[in-house]
Protein chains: 2
Amino acid sequence: MLILLAEDERDLAELTIDYLASENIECDYASDGAMAVNLIANNHYEVIVLDVNMPKLDGFKVCQKLKNQGNTTPIIFLTARDNLQDKLKGFALGADDYLSKPFDLEELTARIKVLAKRKVNMPTSFQLDTLSVDFKQCLISRSQRRLSLSKTQWQLLNLLVKHSPNVVDKITIEDEIWPDQQPSKAMLKTLLFRLRKLLDFDGETTLLHTVRGTGVALRVDNNE
Amino acid sequence: MLILLAEDERDLAELTIDYLASENIECDYASDGAMAVNLIANNHYEVIVLDVNMPKLDGFKVCQKLKNQGNTTPIIFLTARDNLQDKLKGFALGADDYLSKPFDLEELTARIKVLAKRKVNMPTSFQLDTLSVDFKQCLISRSQRRLSLSKTQWQLLNLLVKHSPNVVDKITIEDEIWPDQQPSKAMLKTLLFRLRKLLDFDGETTLLHTVRGTGVALRVDNNE
DNA sequence: TGAGTACGTTACCTTTTGGTAACCTTCTGT
DNA sequence: ACAGAAGGTTACCAAAAGGTAACGTACTCA
């Protein structure tokens with residue numbers, strides 16, 4: 001699970017990030033409001049933890065901005081002051097939860113998990129040529145024909161879809177699918193081969209294009 | 001908006017009810033856990049506020065009971081003790097929020113409103129193919145045939161219904177059903193096997209679909 | 001107290017997978 | 001044109017995932 005932590009006290013942030021990591025919650029980190037807005041614009045977080053007091057843009061402003069953009073990611077505010085007015089302001093702005101510092105890391109974790117559990121959205125379906133994919137349902141078909149992918153194949157496809165029609169380079173793929181350590185170079189070759197066999201059969205247009213020396217792209221390519 | 005307040009201190013309860021009324025939140029009131037369970041069975045509340053310390057059945061027990069029945073109404077715990085262990089226990093049981101006494105009525109109001117807002121109104125009944133389920137009454141049948149599920153089976157079914165027709169990840173299921181500690185991996189297998197035996201018998205369409213490497217989905221799947 | 005149920009565990013078997021090596025084929029720089 | 005590199009294809013095997021059955025313990029309820 002990936003969340004965003006926006007908090008200007010570095011020590012506290014570091015401590016928090018370490019603790020959350022041990023609970024399998026990965027953190028992106030912003031040390032001020034502007035950075036937070038930026039990260040949020042470019043990433044998908046399951047929960048956003050916002051310190052109220054931050055340089056550049058305070059937590060309230062960040063929250064307001066998100067809500068104005070129609071962003072519905074759950075937000076937890078952190079505040080140094082145990083100030084009722086602040087809390088109410090936070091809730092009025094659409095906060096989903098509120099913690100006063102000092103807080104227990106375990107409690108933060110519990111609250112993050114509660115919020116994450118109820119959220120849903122992700123890019124769910126994708127169409128390209130005669131290929132259609134629904135990641136939520138884990139359904140995929142090419143020209144009406146239902147296909148069945150293995151877990152790793154889904155991962156790879158997901159990556160390709162996310163970047164389509166751009167090229168995803170081999171390193172990126174390897175890091176994503178085998179985060180622990182490098183597989184033999186043959187592995188990717190084989191994985192790709194197997195996925196290709198499933199997607200690009202018979203008379204179908206080729207969708208999985210190798211870019212020699214770089215990586216792979218998922219797209220329709222009329223002239224080649 | 002109608003909520004349930006379960007709290008054994010009459011004075012506090014009265015005060016709270018009055019205040020909430022001024023905010024257009026109507027309260028049903030239970031002075032002990034057993035009464036709370038009773039009221040919940042016969043009414044529909046948008047939020048349930050549970051005191052942890054109550055005669056008959058304490059707040060935790062009430063919560064557990066609800067979750068076992070597949071009830072998903074948001075729950076806020078109240079506790080006299082500002083005790084982290086209690087909080088964590090509450091969250092583990094599926095609490096959505098937690099307030100320590102003494103609390104500000106305005107804060108309680110704010111939190112109630114937050115929870116009510118995002119409530120997704122789990123439909124009380126669900127139909128799919130020849131399967132029909134009524135969560136409120138805990139009734140389930142397939143092709144007119146009445147089935148009887150255990151509480152864990154209800155929990156699982158509830159989860160599956162909530163996500164249907166999407167795939168529910170094995171991890172999600174395990175976290176939901178055995179929040180405390182990881183069961184042996186065989187447990188889910190067996191649970192699923194048993195539920196499947198109940199739901200997908202004889203000539204009925206398969207509704208419980210395993211997605212290898214990922215999880216399970218409850219849906220009709222015509223072409224596979 | 002005793003039958004019945006729920007549920008955790010273990011064991012066994014089948015199917016699917018993920019990794020590897022070996023061997024082609026195509027491309028590229030010199 | 002040729003050597004090497006990059007990529008494609010295949011076959012093989014061990015491990016993982018899943019389905020099924022059976023067993024024992026604990027709990028429930030009369």
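Computed over heavy atoms, backbone and side chain alike; hydrogens, waters and symmetry mates excluded. Sequence lines set the chain letters: A, B, ... in the order given, protein chains first and strands last, and positions in each chain run from 1.
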Exercise. Do side-chain atoms of A:Asp134 reach the backbone of A:Lys136 as a donor and acceptor pair under 3.5 angstrom?
Worked result: yes
Exercise. Does any N or O in the side chain of B:Asp200 come within less than 3.5 Å of the main-chain N or O of B:Arg196, such that one atom is a donor and the other an acceptor?
Worked result: no
Are there any protein N/O atoms within less than 3.5 Å of an N/O atom in nucleotides 15-23 of chain D, and if so, which ones and at what distance?
from, atom 1, to, atom 2, distance (Å)
D:dA17, N3, B:Arg212, NH2, 3.1
D:dG18, OP1, B:Gly213, N, 2.8
D:dG18, OP2, B:Lys170, NZ, 2.8
D:dG18, N7, B:Lys189, NZ, 3.4
D:dG19, OP1, B:Arg196, NH1, 3.2
D:dG19, OP1, B:Thr210, OG1, 2.8
D:dG19, O6, B:Lys189, NZ, 2.7

For this session: For B:Arg142 and B:Thr130, run side chain to side chain donor-acceptor pair (under 3.5 Å): C-alpha distance rounded to whole Å, both residues' side-chain angles, the deciding distance at 0.1 Å, then the answer.
Result: CA-CA 5 Å; B:Arg142 181 96 206 244; B:Thr130 61; 2.7 Å; yes
Exercise. Mapping A:Leu191 and B:Gln153 to their closest nucleotides on DNA chain C, which lands nearer the 5' end?
Worked result: B:Gln153
Exercise. Reckon B:Ser150 has a side-chain N or O less than 4.0 Å from the OP1 or OP2 of C:dC7?
Worked result: yes
Problem set entry | B:Trp178 vs C:dG8: side-chain N/O to OP1/OP2 distance below 4.0 Å | yes
In whole angstroms, how far is the [atom2] atom of [N] from the [atom1] atom of [X]?
X: A:Leu188; N: C:dG19; atom1: CG; atom2: C1'; value: 13 Å
X: B:Leu157; N: C:dA6; atom1: CG; atom2: C1'; value: 17 Å
X: A:Met187; N: C:dG19; atom1: CE; atom2: P; value: 5 Å

For this session: Could you tell me whether the side chain of B:Leu199 reaches within less than 4.5 Å of the side chain of B:Leu207, counting heavy atoms only?
Result: no
For this session: With the side chain counted from C-beta on, respond yes when A:Asp97 and A:Ile112 share a heavy-atom pair under 4.5 Å apart, and no when they do not.
Result: no
Exercise. Between B:Tyr98 and B:Phe91, what is the ring plane arrangement, given parallel below 30°, perpendicular above 60°, and tilted in between?
Worked result: tilted
